[in-house]
Number of protein chains: 2
Amino acid sequence: MKARATETQRKTRIQTENEEKILDAALEEFSAHGFRGATIDRIAQHAGMSKPNLLYYFRRKQDIYEALIARLLDTWLEPLRELDAIGDPLPELQSYIRRKLEMARDFPRESRLFANEMLQGAPRIKRLLQSELKPLVDEKAEVLKGWMKAGRINPVDPRHLIFSIWSTTQHYADFDVQVQVILGPDRGADGRFEDAARYLETLFLDGLRPKNAAGDGPRIRTL
Amino acid sequence: MKARATETQRKTRIQTENEEKILDAALEEFSAHGFRGATIDRIAQHAGMSKPNLLYYFRRKQDIYEALIARLLDTWLEPLRELDAIGDPLPELQSYIRRKLEMARDFPRESRLFANEMLQGAPRIKRLLQSELKPLVDEKAEVLKGWMKAGRINPVDPRHLIFSIWSTTQHYADFDVQVQVILGPDRGADGRFEDAARYLETLFLDGLRPKNAAGDGPRIRTL
DNA sequence: CGAAATCTTGACTGTTTGATAAAACTCTAA
DNA sequence: TTAGAGTTTTATCAAACAGTCAAGATTTCG
């Protein structure tokens with residue numbers, strides 16, 4: 001009779017399977033339409049079960065969404081956690097960028113779900129951002145600052161540096177349609193991924209200013 | 001009796017005012033909740049009028065959305081149009097980045113509306129992207145290629161370069177909540193904007209690798 | 001097997017939503 | 001001033017929506 005009670009209780013095979021199916025379908029829906037735009041009917045349909053049956057596993061729409069968010073944030077921050085203060089700065093950053101890019105490739109729906117929540121003003125995870133995300137970023141910002149002080153990477157605002165890594169990599173998941181329209185069908189998904197990886201490597205390591213050439217031009221006005 | 005007919009017909013003062021009020025309210029709603037998540041009721045309420053009255057100006061929900069999208073794309077592409085093949089590459093790119101950053105600061109709702117449409121797979125503007133966006137990007141990609149061939153900027157994939165400018169700048173509008181959580185309240189909106197501008201300038205011009213120092217470290221594995 | 005626990009379904013409720021009709025009201029220009 | 005165009009509201013509708021309930025079907029396990 002009681003299915004998803006919070007009590008310590010082993011999950012049935014069917015329960016595990018169905019919860020998985022539901023969360024997968026819900027990810028599809030929520031990531032494309034946001035919390036309000038998604039409907040239980042569509043999630044149930046996509047999960048291949050009746051609406052009342054879905055509601056047997058998750059009492060309310062919000063419960064599905066929260067279950068999704070809960071499992072998301074941890075996965076999402078994993079790449080940043082791996083940024084190692086002991087390692088060499090540039091290779092560390094490079095592999096962080098690559099890990100984020102791989103996540104955008106392998107978990108685009110998760111990326112979009114996160115983006116959707118942000119666009120809405122993060123009403124449901126703002127607190128989590130405060131308690132989980134911020135301390136982690138603070139910690140890693142200190143690591144970056146250390147590298148800068150040692151002259152091992154150029155001195156920039158470490159937090160904005162992190163923003164730029166997030167945005168450039170997640171762009172390939174969140175704006176996938178646009179990317180495909182612009183790049184055309186010539187190059188498949190794998191090719192696009194490698195192109196993006198190569199480009200971001202150059203951008204973050206060396207920027208656009210040519211090192212050898214004198215062709216620098218005048219500084220632009222600082223408006 | 002007939003209000004918003006497609007016929008050539010002068011608009012009333014009231015008509016102009018109310019359409020403006022509606023579009024502003026709709027922008028608020030659609031940018032935060034997407035097409036499905038937004039409701040006419042809430043838009044009407046936010047616009048300070050009754051739902052039937054709103055529907056007197058825009059027959060269907062979709063009409064409001066489309067009116068919004070139509071006026072958006074043109075504004076959105078304006079900064080890229082200004083990228084001048086004749087100018088000096090680095091200052092041109094720098095001021096393009098700055099213009100995009102200014103748009104993120106001054107029109108965050110428009111940015112979010114666009115992002116929302118993308119997350120949904122751009123069902124309503126995919127065609128417009130093909131016919132308007134792609135040719136423009138193709139044209140500007142050629143400009144960039146020319147600069148690269150002349151050795152005036154580092155050789156990179158021009159389209160991915162454009163993606164990175166879009167993503168880094170729009171991030172400050174689309175993920176504003178997250179940015180605020182991480183940066184804290186110490187620095188106001190203006191300070192954040194200037195910090196971002198300064199950081200992006202360094203990133204795009206010089207990247208992170210220090211020029212003077214030898215501290216380079218080994219190359220990372222190309223996974 | 002067979003009973004208890006688990007799972008599934010159809011029928012249903014109250015509410016919200018997009019949209020319409022027509023009556024009532026307001027503004028404007030001759 | 002007043003007729004008619006333009007605007008707003010009240011009342012209403014059908015569909016979509018989140019969520020409930022109890023009865024029936026299935027699985028699990030002693």
Side-chain angles (χ1 to χ4, degrees), chain A residues 1-26 28-30 32-69 120 123-124, chain B residues 1-23 25-30 32-69 120 123-124:
Chain A
M1 198 202 243
K2 55 169 104 140
R4 332 119 276 98
T6 37
E7 306 159 30
T8 40
Q9 190 181 341
R10 218 164 264 112
K11 274 182 187 170
T12 319
R13 172 185 58 85
I14 298 179
Q15 212 171 106
T16 313
E17 285 174 9
N18 280 350
E19 283 182 0
E20 200 46 51
K21 265 195 266 180
I22 292 169
L23 288 177
D24 186 78
E28 197 76 31
E29 273 288 300
F30 283 128
H33 304 292
F35 181 75
R36 289 199 196 151
T39 73
I40 299 183
D41 282 274
R42 293 172 63 96
I43 296 171
Q45 199 180 347
H46 197 276
M49 66 181 72
S50 66
K51 178 166 62 168
N53 198 18
L54 181 150
L55 287 165
Y56 170 72
Y57 293 99
F58 294 88
R59 259 205 191 76
R60 302 170 308 162
K61 183 183 178 181
Q62 197 174 333
D63 293 346
I64 316 175
Y65 192 81
E66 281 170 5
L68 229 39
I69 290 283
Q120 289 158 34
R124 290 158 234 275
Chain B
M1 197 205 243
K2 57 168 105 145
R4 330 120 279 99
T6 36
E7 307 159 29
T8 40
Q9 189 181 342
R10 216 165 263 110
K11 276 181 187 173
T12 319
R13 171 185 58 85
I14 299 179
Q15 213 173 108
T16 313
E17 284 173 10
N18 281 348
E19 283 182 1
E20 201 46 51
K21 266 196 264 178
I22 292 170
L23 287 176
L27 180 57
E28 197 76 30
E29 273 287 301
F30 283 129
H33 304 292
F35 181 74
R36 289 202 195 148
T39 72
I40 299 184
D41 283 275
R42 293 173 63 96
I43 296 172
Q45 198 180 347
H46 197 276
M49 66 181 71
S50 67
K51 179 165 62 168
N53 197 18
L54 180 149
L55 286 165
Y56 169 73
Y57 293 99
F58 294 89
R59 258 206 192 75
R60 302 171 308 161
K61 183 184 179 181
Q62 198 173 331
D63 292 346
I64 315 175
Y65 192 80
E66 280 169 6
L68 230 38
I69 290 283
Q120 290 159 33
R124 292 160 232 274

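As a basis for the values below, the full set of heavy atoms in this structure was taken, side chains included, without hydrogen atoms, waters or symmetry mates. The chains referred to below are lettered A, B, ... by the order of the sequence lines, with proteins before strands, and numbering in each begins at 1.
- Helix bend of the helix from C:dC1-D:dG30 to C:dA30-D:dT1: the angle between its two end axes, each built from five pairs, comes to 10° after rounding to 10°.
- Regarding B:Y65, its OH atom lies at a distance of 14 Å from the P atom of C:dG18, rounded to whole Å.
- The CG atom of A:L54 sits 12 Å away from the P atom of C:dT9 (whole-angstrom rounding).
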Write out a two-atom table: protein N or O, nucleotide N or O from nucleotides 23-30 of chain C, distance below 3.5 Å.
| residue | atom | partner | partner atom | Å |
| --- | --- | --- | --- | --- |
| C:dT28 | OP1 | B:R13 | NH2 | 3.3 |

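- Contact annotation: A:S50 reaches the phosphate of C:dT9 (side-chain N/O to OP1 or OP2, under 4.0 Å).
- Not one side-chain nitrogen or oxygen of B:N18 sits closer than 4.0 Å to the OP1 or OP2 atom of D:dG6.
- For the pair A:N18/A:Y56, no side-chain contact is recorded, criterion being any heavy-atom separation below 4.5 Å from C-beta on.
- B:A67 is linked by a side-chain contact (heavy atoms from CB on, under 4.5 Å) to B:L23, B:F58, counting only residues two or more places apart in sequence or in another chain.
- Going from atom CD of B:Q45 over to atom P of C:dT16 covers 12 Å, rounded to whole Å.
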Below 3.5 Å between N/O atoms, which protein atoms pair up with nucleotides 14-22 of chain D? Just atom names and distances, please.
| residue | atom | partner | partner atom | Å |
| --- | --- | --- | --- | --- |
| D:dA18 | OP1 | A:K61 | NZ | 3.3 |
| D:dA18 | OP2 | A:I40 | N | 3.0 |
| D:dA18 | N7 | A:K51 | NZ | 2.9 |
| D:dG19 | OP2 | A:K61 | N | 2.8 |

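- B:I43 CD1 to B:L27 CG: the interatomic distance, rounded to the nearest 0.5 Å, is 10.0 Å.
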Tell me which donor-acceptor pairs under 3.5 Å the side chains of residues 34-41 of chain B have, and how far apart each pair is, sequence neighbours excluded?
| residue | atom | partner | partner atom | Å |
| --- | --- | --- | --- | --- |
| B:R36 | NH1 | A:H33 | NE2 | 3.0 |
| B:T39 | OG1 | B:R42 | N | 3.1 |
| B:D41 | OD2 | B:K51 | NZ | 3.3 |

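- To the nearest 0.5 Å, the span separating NZ on B:K21 from CE on B:M49 amounts to 5.0 Å.
- From A:K61, atom NZ reaches atom CG of A:L54 across 12.0 Å, with rounding to the nearest 0.5 Å.
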Step by step, work out the salt bridge (charged side-chain N to carboxylate O under 4.0 Å, His left out) result for B:E17 and B:R13. CA-CA 6 Å; B:E17 284 173 10; B:R13 171 185 58 85; 3.6 Å; yes
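- The phosphate of C:dT9 (OP1 or OP2) has a side-chain N or O of A:N53 nearer than 4.0 angstrom.
- At the phosphate of D:dT8, neither OP1 nor OP2 sits under 4.0 Å from any side-chain N or O atom of B:Y56.
- In this view, B:E66 and B:Q62 satisfy the side-chain hydrogen bond (donor to acceptor under 3.5 Å, both in side chains) rule, not counting sequence neighbours.
- For C:dC7, the OP1/OP2 oxygens have a side-chain nitrogen or oxygen of A:Q15 closer than 4.0 Å.
- Atom CD1 of B:I22 and atom P of C:dG18 are 14 Å apart (whole Å).
- For B:P52, the side-chain contact (heavy atoms from CB on, under 4.5 Å) criterion is met by B:S50, not counting sequence neighbours.
- Counting to the nearest Å, the P atom of C:dT20 and the CG atom of B:D63 are 10 Å from each other.
- Residues passing the salt bridge (Lys or Arg N to Asp or Glu O under 4.0 Å) test with B:R124, sequence neighbours excluded: none.
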Kindly determine whether B:R60 and B:D63 satisfy salt bridge (charged side-chain N to carboxylate O under 4.0 Å, His left out), including the steps that lead there. CA-CA 5 Å; B:R60 302 171 308 161; B:D63 292 346; 3.1 Å; yes
